[in-house]
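The structure appears below as structure tokens.
Quick caveat, the model's predicted, so the values are computed rather than measured. Just so we're on the same page: letters track the sequence lines, and every chain starts at 1.
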There are 2 protein chains.
Amino acid sequence: MFPKLDPILHSELRLAVISLLAGVESADFTYIKQQTGATAGNLSVQIDKLSAAGYITVEKGFKGKMPCTTCSLTPEGLEAFRNYIDALKEYISH
Amino acid sequence: MFPKLDPILHSELRLAVISLLAGVESADFTYIKQQTGATAGNLSVQIDKLSAAGYITVEKGFKGKMPCTTCSLTPEGLEAFRNYIDALKEYISH
DNA sequence: ATAAACAAGTTTATATTATAAACCAAATTT
DNA sequence: AAATTTGGTTTATAATATAAACTTGTTTAT
């Protein structure tokens, strides 16, 4: 009746990150931080978890001389996001 | 951009309880436990939190000789549920 | 009548999670 | 060259979720 909600996605900040990434090719740390309003520490941790789950890829490079961490959604991440939305609907739409 | 998700409702079990109660006049502990598949201990704690938040009312009585705890959604609970759904949509529908 | 098993929860202990504070290295500004 | 800013990471703490253990009373079996 109530399907299990993927605990990786059932987190306000991680969900926001995935939601953001679902709409774009990729996004860098600073942009995600700004868009979500998260603190850097929290975002760093949550990005690690999403990455460890295989839901996003993280590439570390430089923009000019400044370090720049770029994230993008993996196909598994997108599928997990869709599954999560479907599961949620069981909770919110009856 | 990403609205805050009410932490009282952003919990798998509490959300299931509210979702269940949103569809009925009232429901008792045992029924909620069975429908959600929760353990009694977990359900007891989460019902307390929902009650403390004013989202549900809890009435303790007897069904025959057996104790029976009956829960129902308050108007505030229903409104919080609706707000939560609206907030969620900002995360899942773009 | 008494012991064993069951029902309906509650309390408490533990594991997990979320979050911010403190920190670090390099770059930029003054 | 000192101070500040950028772009993060690590670590410590607070909050949450969850199950295990317990309680109170009831029903069933002996």
Side-chain angles (χ1 to χ4, degrees), chain A residues 2-21 26-53 55-72 80 84 87 91, chain B residues 2-21 26-53 55-72 80 84 87 91:
Chain A
F2 292 107
K4 178 107 181 74
L5 298 176
D6 181 345
I8 299 287
L9 293 185
H10 196 65
S11 144
E12 186 161 0
L13 181 49
R14 287 195 299 271
L15 187 62
V17 170
I18 292 291
S19 174
L20 230 171
L21 291 178
S26 72
D28 41 325
F29 191 96
T30 306
Y31 176 76
I32 298 173
K33 178 173 180 294
Q34 176 233 311
Q35 289 293 309
T36 59
T39 60
N42 192 10
L43 184 56
S44 179
V45 170
Q46 306 312 331
I47 280 179
D48 272 1
K49 287 196 187 175
L50 289 170
S51 169
Y55 289 180
I56 67 174
T57 56
V58 177
E59 279 199 63
K60 272 154 198 309
F62 291 88
K63 192 179 249 170
K65 290 175 180 176
M66 285 297 199
C68 178
T69 298
T70 304
C71 304
S72 38
Y84 176 75
Y91 287 77
Chain B
F2 291 108
K4 179 107 181 76
L5 296 175
D6 181 344
I8 299 287
L9 294 184
H10 197 65
S11 143
E12 185 161 0
L13 181 48
R14 287 195 300 269
L15 187 62
V17 170
I18 292 292
S19 174
L20 230 170
L21 291 179
S26 72
D28 41 325
F29 190 96
T30 306
Y31 176 75
I32 298 173
K33 178 172 180 296
Q34 175 234 312
Q35 289 293 310
T36 58
T39 60
N42 192 9
L43 184 56
S44 180
V45 170
Q46 307 312 331
I47 279 179
D48 271 1
K49 286 195 188 175
L50 289 171
S51 168
Y55 289 1
I56 67 174
T57 56
V58 177
E59 279 200 61
K60 273 154 195 311
F62 290 87
K63 193 179 248 170
K65 289 177 180 173
M66 284 299 197
C68 179
T69 299
T70 305
C71 303
S72 37
Y84 176 76
Y91 287 77

With a 4.0 Å limit, can you tell me whether T30(A) has a side-chain N or O closer than that to the phosphate oxygens OP1/OP2 of dG8(D)? yes
Atom NZ of K4(B) and atom P of dA18(C) are separated, to the nearest Å, by 12 Å
Write down the distance between CD1 (I47(B)) and C1' (dG9(C)), rounded to a whole number of angstrom. 10 Å
Within the distance-only criterion (no hydrogens, no angle test), does the side chain of T36(B) pair as donor or acceptor with the backbone N or O of I32(B) below 3.5 angstrom? yes
Between CD of Q46(A) and C1' of dT10(D) the distance, given in whole Å, is 14 Å
Side chain proximity check, F62(A) to C68(A), heavy atoms < 4.5 angstrom: no
Could you tell me whether the phosphate oxygens of dT9(D), OP1 or OP2, come under 4.0 Å of any side-chain nitrogen or oxygen in K60(A)? yes
Got more than 12 heavy atoms from elsewhere within 6.0 Å of NZ, K65(B)? no
Ignoring backbone atoms, establish whether T39(B) has a side-chain N or O less than 4.0 Å from OP1 or OP2 of dT18(D). no
Have a look at E12(A) and say if it touches a base, only the backbone sugar-phosphate, or nothing, with a 4.0 Å heavy-atom cut-off. nothing
Taking only side-chain nitrogens and oxygens of R14(B), does any of them come within less than 4.0 Å of OP1 or OP2 of dT16(D)? no
Interatomic distance, K63(A) NZ vs dT5(D) P [rounded to whole Å]: 21 Å
Map A40(B) and A38(A) onto DNA chain C by nearest heavy atom, then report which one ends up closer to the 5' terminus. A40(B)
Could you check whether the rings of Y84(A) and H10(A) sit parallel, tilted or perpendicular, using 30° and 60° as the cut-offs? tilted
Rounded to whole angstroms, how far apart are CE on M66(B) and P on dG25(D)? 12 Å
Phosphate contact (dA18(C) OP1 or OP2) by S11(A) side-chain N/O below 4.0 Å: yes
May I ask you to evaluate whether K65(A) reaches the phosphate of dA25(C), defined as a side-chain N or O under 4.0 Å from OP1 or OP2? no
For the pair made of CZ in F62(A) and P in dG8(D), what is the distance, rounded to whole Å? 10 Å
Check the distance between dA18(C)'s C1' and L50(A)'s CG and give it to me in whole angstrom. 13 Å
Decide yes or no for Y31(A) and L20(A): does some side-chain heavy atom of the first lie under 4.5 Å from some side-chain heavy atom of the second? yes
Within this structure, what is the NZ-to-P distance between K33(B) and dA7(C), rounded to whole angstrom? 10 Å
Quick one: is K49(B) getting a side-chain N or O under 4.0 Å of the dA17(D) phosphate, OP1 or OP2? yes
